[in-house]
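Chain A is the first sequence line, chain B the second, and so forth, proteins listed ahead of strands; every chain is numbered from 1.
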Amino acid sequence: KQEVTQIPAALSVPEGENLVLNCSFTDSAIYNLQWFRQDPGKGLTSLLLIQSSQREQTSGRLNASLDKSSGRSTLYIAASQPGDSATYLCAVRGSASKIIFGSGTRLSIRP
Amino acid sequence: NAGVTQTPKFQVLKTGQSMTLQCAQDMNHNSMYWYRQDPGMGLRLIYYSASEGTTDKGEVPNGYNVSRLNKREFSLRLESAAPSQTSVYFCATYGLAGGTETQYFGPGTRLLVL
């Protein structure tokens with residue numbers, strides 16, 4: 001049974017800092033891993049998707065890495081801005097199309 | 001393209017009442033999903049359908065049933081609503097669009113069970 005954990009549950013940093021969000025999963029037989037952003041009261045916005053054969057993906061100030069053997073992914077945000085404040089969720093897709101989410105990290109960037 | 005649509009947007013039920021949440025997609029994706037999100041929590045998978053004609057249980061299926069009516073539509077039914085089912089329900093698809101593989105979400109249905 002796949003379990004997805006995100007630590008920390010909440011994080012507050014001053015503007016301009018680089019930060020890392022963590023996602024771990026128990027079953028390494030995954031198809032891909034995706035990072036999403038969710039603003040309060042809103043739906044989910046896809047940020048990055050990493051296939052199981054890839055090690056990392058980059059989009060602007062975001063970099064996501066995947067270490068399948070250790071069951072870990074990280075989302076690196078460079079030069080954080082107040083507009084980055086949101087909840088960040090990771091989701092793991094298994095080979096049978098089942099997609100399980102972590103509980104999220106609530107990020108607050110202080111001006 | 002409408003993407004993923006959900007109806008209704010908001011619903012209030014009394015304990016014991018039944019209702020069906022509707023989801024439709026025009027993206028021609030095979031896989032569809034139902035999640036619930038409680039305040040301050042992540043998304044928990046209720047049921048999913050890898051392709052037309054198949055459905056499978058997710059993490060929290062008790063109290064729910066689903067129907068994959070055709071490739072476009074995937075409905076979620078609460079037979080006897082309970083206050084513990086108060087939540088925001090999201091429908092999603094998974095597939096390719098614009099060359100990118102990703103999960104696409106509907107706007108959500110806010111359900112309050114009194």
Trainee: Are A:V13 and A:L47 grouped together when hydrophobic residues (ILVMFWY) are joined by side-chain heavy atoms under 4.5 angstrom apart?
Mentor: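 They do share one cluster, since a chain of ILVMFWY contacts under 4.5 Å joins A:V13 to A:L47.
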
Trainee: Should A:F101 and B:L45 be counted in the same cluster of Ile, Leu, Val, Met, Phe, Trp and Tyr side chains packed under 4.5 Å apart?
Mentor: yes

Trainee: Please flag which part of B:L43 lies under 4.5 Å from any non-hydrogen atom of chain A: side chain, backbone, both or neither.
Mentor: both

Trainee: Are A:L89 and A:L66 connected, step by step, through hydrophobic side chains (Ile, Leu, Val, Met, Phe, Trp, Tyr) whose heavy atoms are closer than 4.5 Å?
Mentor: yes

Trainee: Assigning hydrophobic clusters by single linkage (Ile, Leu, Val, Met, Phe, Trp, Tyr; side-chain heavy-atom cutoff under 4.5 Å), is B:L21 placed with B:V60?
Mentor: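 Yes, it is one cluster - the side chains of B:L21 and B:V60 are joined through contacts under 4.5 Å.
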
Trainee: Looking at A:I100, A:V4, A:I99, which one has more heavy-atom pairs under 4.5 Å with chain B than the rest?
Mentor: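 Option with the greatest count: A:I99.
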
Trainee: Any chain of hydrophobic side-chain contacts (each under 4.5 Å) joining A:L19 to A:Y76?
Mentor: no

Trainee: For chain A and chain B, give me every donor-acceptor pair shorter than 3.5 Å, distances to one decimal.
Mentor:
| residue | atom | partner | partner atom | Å |
| --- | --- | --- | --- | --- |
| A:N32 | ND2 | B:Y94 | OH | 2.6 |
| A:Q34 | NE2 | B:T102 | OG1 | 2.2 |
| A:Q38 | OE1 | B:Q37 | NE2 | 2.8 |
| A:Q38 | NE2 | B:Q37 | OE1 | 2.9 |
| A:S46 | OG | B:T102 | OG1 | 3.3 |
| A:Q51 | NE2 | B:E101 | OE1 | 2.9 |
| A:S97 | O | B:Y33 | OH | 2.5 |
| A:I99 | O | B:Y35 | OH | 2.8 |
| A:S103 | O | B:G42 | N | 3.4 |

